[in-house]
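Here's the structure we're looking at; comments come further down.
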Amino acid sequence: MDSAQHMQLIYVILAAALATFFTRIGGYVMITRLKRIPPRMEVALSAVPAAVLSTLVAPAFLSGGWDGALAMLVALVVGLRFSSLWMLFAGWLVVMAVRHTVM
Amino acid sequence: MTKDDFWQGVRGGFPVMLSASPFGALFGALAVDNGFSVYDAMLMSATVYAGASQMVGIELFGNNIQPWLIVLSIFAVNFRHILYSASIARHIRHFSGLQKFFGFFLLVDPQYAETEKRAERGEPISFAWYLGFAMIIYLPWQMMTLLGAIFGQMIGDPRAIGLDVLLPIYFMGLVLGFRRRDNWLPVVAVSSVVSVAAMHVVGSPWHVSIGAIAGILLAACLPLPAGARPSVNVEQEA
């Protein structure tokens, strides 16, 4: 990578940082222009975390291979009763067991 | 009091730090593998501070994609933060301007999820707590990026040590944490199905925003729950 390319990379990183900061403050800037939150918007905002995080989980479940999917299913069952660290541990255990024995 | 809040935040963020650390190291290693210097990787972790989008960024850079498209992709992956900052405004209206600036800069997924959960339990969102929770994630993220970049070759194949399943399982745990909210199951079902469909039709990373907006629209259109709270004032000084 020559120095012109390297400068370009620095600019890309800084532009990405600025774009990311806009996403982190943008919703706040928009919503503070409203004086009140209507009830429908309130329920919509309550749905945000589950909605967004589901889009990070579902595609991974389908495209991560059957070993990854099995690990996620086991972690899901564990997660109904235990904390997320136990979920991570259980899922990791399953995927390691499968990859180093069956596959 | 303030000091207690700070350390309570640090303790609360500790498990998040543990689960995020492998990804920080993985990012550092993959960044160097894609032509970044150790300093470039650290600059990105320090200024962008959004793991999934950082991974997307180095992947695209390594494939010589045009700069504007790299920035746009990172913006798209992080677009969900717009929803977070809108949703979190109710809980941090007492922060000063500078505190809001740092608060939003540090607004990563677990920071948002924990702040919402804490507010739901009726506990105050003090800046000291918020900062404590953020710092125990932010500072190790920088350190793990550095370590990962330096010892990149030692990680080898992330699949062989099962690193690839940790991120989706972590996100799944966050989803489960919200299962007592109204409309949880329909929202999760719709967002999941739409995101998968969008990934095939429109492609990554837009499936994240499209799937999320589908679930949120559904929640807005479903009948209001019986005990719906009355509308509240958001921002007195705005």
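As a basis for the values below, the full set of heavy atoms in this structure was taken, side chains included, without hydrogen atoms, waters or symmetry mates. Throughout, protein chains are lettered first and strands after them, A, B, ... in sequence-line order, and every chain is numbered starting at 1. If you're wondering where the values come from, they're calculated on a predicted model, not measured in any experiment.
Across G91(A) and I169(B), no two heavy atoms sit closer than the pair CA-CD1, 3.6 Å. Nearest heavy-atom pair across V57(A) and P168(B) is CG2-O, 3.8 Å. For the residue pair V12(A) and V71(B), the shortest heavy atom distance occurs at O-CG2, 3.9 Å. The two residues A86(B) and I31(A) have their closest heavy-atom pair at O-CD1, 3.7 Å.
Distance alone, capped at 3.5 Å, is enough to place a donor-acceptor pair between the T23(A) side chain and the N78(B) backbone. A donor-acceptor contact shorter than 3.5 Å is absent between the side chain of R24(A) and the backbone of F101(B).
For chain A, the nearby part of L222(B) is the backbone; its heavy atoms alone come within less than 4.5 Å. At a 4.5 Å heavy-atom cutoff, the contact between M172(B) and chain A is made by backbone and side-chain atoms alike. Interface remark: F178(B) contributes side-chain atoms only to the contact with chain A (heavy atom separation under 4.5 Å). Both the backbone and the side chain of D40(B) come within contact range of chain A, with heavy atoms under 4.5 Å apart. Looking at I216(B), the atoms closer than 4.5 Å to chain A (heavy atoms on both sides) sit in the backbone and in the side chain alike. For S37(B), the part sitting under 4.5 Å from any heavy atom of chain A is the side chain, from C-beta outward, and nothing else. No part of A113(B) comes within reach of chain A, as not one of its non-hydrogen atoms sits under 4.5 angstrom from that chain. Heavy-atom distances place the side chain of M96(A), and not its backbone, under 4.5 Å from chain B. For I70(B), the part sitting under 4.5 Å from any heavy atom of chain A is the side chain, from C-beta outward, and nothing else.
In terms of heavy-atom pairs under 4.5 Å with chain B, the best-connected choice from A60(A), G26(A), A16(A) is A16(A). Comparing L93(A), V78(A), V48(A), L80(A) by heavy-atom pairs within less than 4.5 Å of chain B, the highest count is held by V48(A). Looking only at heavy-atom pairs under 4.5 Å with chain B, the residue among A47(A), A71(A), G64(A) that has the most is A47(A). Contact tally against chain A (heavy-atom pairs below 4.5 Å) for W184(B), F105(B), Y39(B): the top residue is F105(B). Among the candidates A50(B), S19(B), A219(B), S192(B), the residue making the largest number of heavy-atom pairs closer than 4.5 Å to chain A is S192(B).
Considering CG of L14(A) and CG of L43(B), their distance stands at 5.5 Å, rounded to 0.5 Å. Between the CG atom in L62(A) and the NE2 atom in H200(B) there is a gap of 7.5 Å [rounded to 0.5 Å]. Taking CG of L107(B) as the reference point, atom OH of Y28(A) lies at 12.5 Å (rounded to 0.5 Å).
At a threshold of 4.5 Å between non-hydrogen side-chain atoms, the residues L56(A) and H207(B) do not count as touching. Side-chain contact check for T55(A) versus S191(B): some heavy-atom pair is nearer than 4.5 Å.
Centroid-to-centroid, the aromatic rings of F104(B) and F22(A) stay 6.0 Å apart or farther.
Within a 6.0 Å radius of NE2 in H6(A), more than 12 heavy atoms belonging to other residues, nucleotides or ligands are found. Residue-environment remark: CZ (F89(A)) stays at or below the threshold of 12 foreign heavy atoms within 6.0 Å.
Applying the side-chain contact (heavy atoms from CB on, under 4.5 Å) rule to A220(B) yields the partners A44(A); only residues at least two apart in sequence or on another chain are considered.
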Inset, instruction - Test V165(B) against M72(A) for side chain to side chain contact (heavy atoms under 4.5 Å, CB included), laying out the working first. - result: CA-CA 8 Å; V165(B) 294; M72(A) 288 175 74; 5.6 Å; no
Inset, instruction - With side chain to side chain contact (heavy atoms under 4.5 Å, CB included) as the test, would you mind laying out the steps for T20(A) and Y49(B) before giving the verdict? - result: CA-CA 9 Å; T20(A) 301; Y49(B) 185 46; over 6 Å; no
Legend entry - Verdict with supporting geometry, F36(B) and I13(A), side chain to side chain contact (heavy atoms under 4.5 Å, CB included): CA-CA 11 Å; F36(B) 278 46; I13(A) 291 173; 3.8 Å; yes
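The stretch residues 103-112 of chain B participates, sequence neighbours left out, in these side-chain hydrogen bond (donor to acceptor under 3.5 Å, both in side chains) pairs: R80(B)-D109(B), Y84(B)-D109(B), S87(B)-Y112(B), Y112(B)-E116(B).
Each of V190(B), V194(B), V175(B), V193(B) was evaluated against S54(A); a single residue qualifies, V175(B), per the side-chain contact (heavy atoms from CB on, under 4.5 Å) test.
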